[in-house]
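These notes concern the structure reproduced below.
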Amino acid sequence: FTLLQSATVEEYIKVGFDTIVDLFIKLLCEEGYDFTAQKYRLLCYMLVMDYCYVALDFEKELKRIRNLGEPLHEVVMKDGTVLKLREECIVAPEVLFNPGLVGMDKDNIMSLFQHGEFTSLLRAPPLILSGGCASGLKGLGERILEELKTVHEKFIRTPYQIMKSNVREDAIRWLNVHG
């Protein structure tokens, strides 16, 4: 198996979970919500983990959400404010595939598989995604698999599986047993 850790991704392409959370906060602020105070960062982190996902086809999903006319999710805050989540649920995670969304001229997550030191990741299925956004973002594994099929022709013929190691759930399970 091959382990692709979130820290490796961040170190190489300089885009990671913090970038996703920052963009999510920025998008919420553009919608009129004030989540700029540091005390809201953990809340936004949890919102990203619970409500954001990587779209298999970003443009198609963005169009679908915009045509809905209603939010994807409504979250009632402690103070009674209703947070209406729409396209930010897919736009924030899209930064992994399109760093230009935050003005970064950097490689995207798929570029890892095109550079010599990382092409070996394709030779040892399954690919296990671990840590940060790798284990928490719904749809990330499926999108990587789909993108790999378009980049590497031989990949289509290789039985491949992408698995997630959910560090958060593993930690909670460990605390329940040992805590």
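Please read these numbers as outputs of a predicted model, since none were measured by experiment.
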Exercise. List in chain and number order the residues that pass side-chain contact (heavy atoms from CB on, under 4.5 Å) with D22, two or more places apart in sequence or in another chain; answer none if no residue qualifies.
Key: R41
Practice problem: May I ask whether L56 and L72 are part of the same hydrophobic cluster, defined by side-chain heavy atoms of I, L, V, M, F, W, Y residues being less than 4.5 angstrom apart, directly or through others? | Solution: no
Self-check item: Which residues share a side-chain contact (heavy atoms from CB on, under 4.5 Å) with D79, sequence neighbours left out
Solution: M77, T81
Quiz item: Quick one: side-chain hydrogen bond (donor to acceptor under 3.5 Å, both in side chains) partners of N67, sequence neighbours excluded?
Solution: none
Quiz item: For the residue pair V54 and P93, what are the closest heavy atoms and their distance?
Solution: CG2-CB, 3.9 Å
Quiz item: Between the side chain of K60 and the main-chain N/O of A55, is any donor-acceptor distance below 3.5 Å?
Solution: no
Self-check item: Test salt bridge (Lys or Arg N to Asp or Glu O under 4.0 Å) applied to K26 - qualifying residues, sequence neighbours left out
Solution: E30
Self-check item: All side-chain contact (heavy atoms from CB on, under 4.5 Å) counterparts of V76, not counting sequence neighbours
Solution: V82
Quiz item: Less than 4.5 Å apart, any side-chain heavy atom of E94 and any of E59?
Solution: no
Quiz item: Counting N and O atoms only, with roles assigned by atom type, does the side chain of E88 sit under 3.5 Å from a partner on the main chain of R86, one being a donor and the other an acceptor?
Solution: yes
Quiz item: ring pair (Phe, Tyr, Trp, His ring centres under 6.0 Å): which pairs involve residues 67-96, sequence neighbours left out?
Solution: Y51-H73
Quiz prompt | L83 side chain reached by L47 side chain, heavy atoms, under 4.5 Å | solution = yes
Practice problem: Output, in order, the C-alpha distance, side-chain angles, deciding distance and verdict of side chain to side chain contact (heavy atoms under 4.5 Å, CB included) for Y45 and D50. | Solution: CA-CA 9 Å; Y45 173 92; D50 291 341; over 6 Å; no
Exercise. Could you walk me through whether L140 and L96 pass side chain to side chain contact (heavy atoms under 4.5 Å, CB included), step by step?
Key: CA-CA 9 Å; L140 180 61; L96 290 171; 4.0 Å; yes
Self-check item: Sequence neighbours excluded, every pair satisfying ring pair (Phe, Tyr, Trp, His ring centres under 6.0 Å) that has a member inside residues 23-44
Solution: F35-Y40
Practice problem: Sorted by first residue and then second, give each salt bridge (charged side-chain N to carboxylate O under 4.0 Å, His left out) pair with at least one member in residues 62-78; sequence neighbours left out. | Solution: E61-R64, R66-E87
Exercise. Mind listing the closest non-hydrogen atom pair of I90 and L62 along with its distance?
Key: CD1-N, 3.6 Å
Quiz item: How close do C44 and L28 get, heavy atom to heavy atom, and via which atoms?
Solution: SG-CD1, 4.3 Å
